[in-house]
Amino acid sequence: PPSLAVRSLAYAYPDGTQALYGVDLTIARGERVALLGPNGAGKTTLVMHLNGILTAGHGSVSVAGLPVRPDTVKEIRRRVGLVFQDPDDQLFMPTVRDDVAFGPANMGLRGEALDHRVKHALDRVGMLDVIDRAPHHLSFGQRRRVAVATVLAMEPEILVLDEPSSNLDPFSRRELGEILRGLDITLLMVTHDLPYALELCERSLILSGGVIAADGPTRGVLADA
Ligand code: ADP
Ligand code: ADP
């Protein structure tokens with residue numbers, strides 16, 4: 001099965017605002033996809049459906065063949081690794097090691113298996129050397145990379161990033177871009193940074209007014225936008 005399959009997904013907020021109208025989307029394993037679109041387009045609403053923060057008013061979402069439902073939500077949250085826009089929403093432990101260990105420990109990993117999982121995740125984002133530091137002593141760019149590691153430590157099926165390049169200086173932005181491009185993982189990135197989409201994602205979607213207005217190779221999607 002594909003990493004992600006969204007079928008006829010429609011959603012209205014309790015106040016009646018219709019945020020999504022029949023979204024269909026398939027992301028194959030290993031694809032890297034940028035999710036573009038103006039403010040209010042429904043990007044956040046769509047992302048919140050991918051890991052069951054919101055559940056489909058209408059339609060369906062499945063991750064590697066497993067449908068998102070109340071009884072699968074725990075496993076879905078392991079499979080869908082969500083990196084928030086603000087790393088400080090994701091880092092709350094005294095050390096980097098504790099933050100990255102939190103998820104896998106919660107899944108039952110212990111001892112050497114846990115230690116290996118933590119180190120491997122930090123190594124993938126080039127942050128192994130700060131394992132014993134306090135997250136709040138790191139730079140913003142470092143904190144964002146550690147936030148990515150906390151998610152990678154769950155070994156998700158798909159990595160979903162909300163505005164990964166926001167608030168980064170040009171050097172940190174490029175460094176993170178190289179890391180993300182080098183990961184062997186299915187990736188969905190919400191971004192307003194068009195050069196980032198072009199550099200990192202072979203495919204882009206434009207969500208506009210709650211519908212997918214474009215879906216194709218990034219270069220073509222950006223040229224037509
Ligand atoms: P984006 O992430 O693309 O900016 P959102 O998914 O946040 O778009 O919003 C899609 C639409 O849903 C917008 O019209 C927005 O105002 C509305 N919306 C978002 N959150 C809520 C909410 N909690 N209650 C009511 N309407 C909302
Ligand atoms: P983003 O930068 O991810 O697009 P927004 O600025 O659109 O986020 O929204 C920030 C928060 O405000 C979100 O939690 C969203 O659900 C909420 N929100 C957006 N529009 C509305 C709305 N019309 N009514 C209530 N909440 C909203």
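In listed order, ligands and their atoms are each counted from 1.
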Using a 3.5 Å cut-off on N or O atoms only, is K43 in polar contact with ligand 1? yes
Are any of the N/O atoms on A19, whether in the backbone or the side chain, positioned under 3.5 angstrom from an N/O atom of ligand 1? no
Checking T26 against R7: is there a side-chain donor and acceptor pair closer than 3.5 Å? yes
Can a donor-acceptor pair be found between the side chains of S204 and R219 at a distance below 3.5 Å? no
I'd like to check which ligand 1 atoms, numbered from 1 as shown, lie under 4.0 Å from a non-hydrogen atom of [X].
X: N39; value: 4 (O)
X: D15; value: 25 (C)
X: A41; value: 1 (P), 3 (O), 8 (O)
X: T45; value: 5 (P), 6 (O), 9 (O), 10 (C)

Are P38 and ligand 1 in contact, using a heavy-atom cut-off of under 4.0 Å? yes
Looking at ligand 1, is there an atom of it that comes within less than 4.0 Å of some heavy atom belonging to G42? yes
Side-chain ion pair, R203 and E31, N-O less than 4.0 Å: yes
Taking R144 first and then D86, would you say they form a salt bridge - that is, a charged N and a carboxylate O separated by under 4.0 Å? no
Closest approach of L187 and L180, non-hydrogen atoms and distance? CD1-O, 4.1 Å
Once you restrict to heavy atoms under 4.0 Å, what part of T44 touches ligand 1? Side chain, backbone, both or neither. both
Would you say CG of D71 has more than 12 non-hydrogen atoms from neighbouring residues, nucleotides or ligands within 6.0 angstrom? yes
What pairs of donor and acceptor atoms, side-chain ones from residues 99-114 against any protein atom, are under 3.5 angstrom apart with sequence neighbours left out?
unit_1 : atom_1 : unit_2 : atom_2 : d
D99    : OD1    : F92    : N      : 3.1
D99    : OD1    : M93    : N      : 3.2
D99    : OD2    : F92    : N      : 3.4
D99    : OD2    : M93    : N      : 3.3
R110   : NH1    : A105   : O      : 2.9

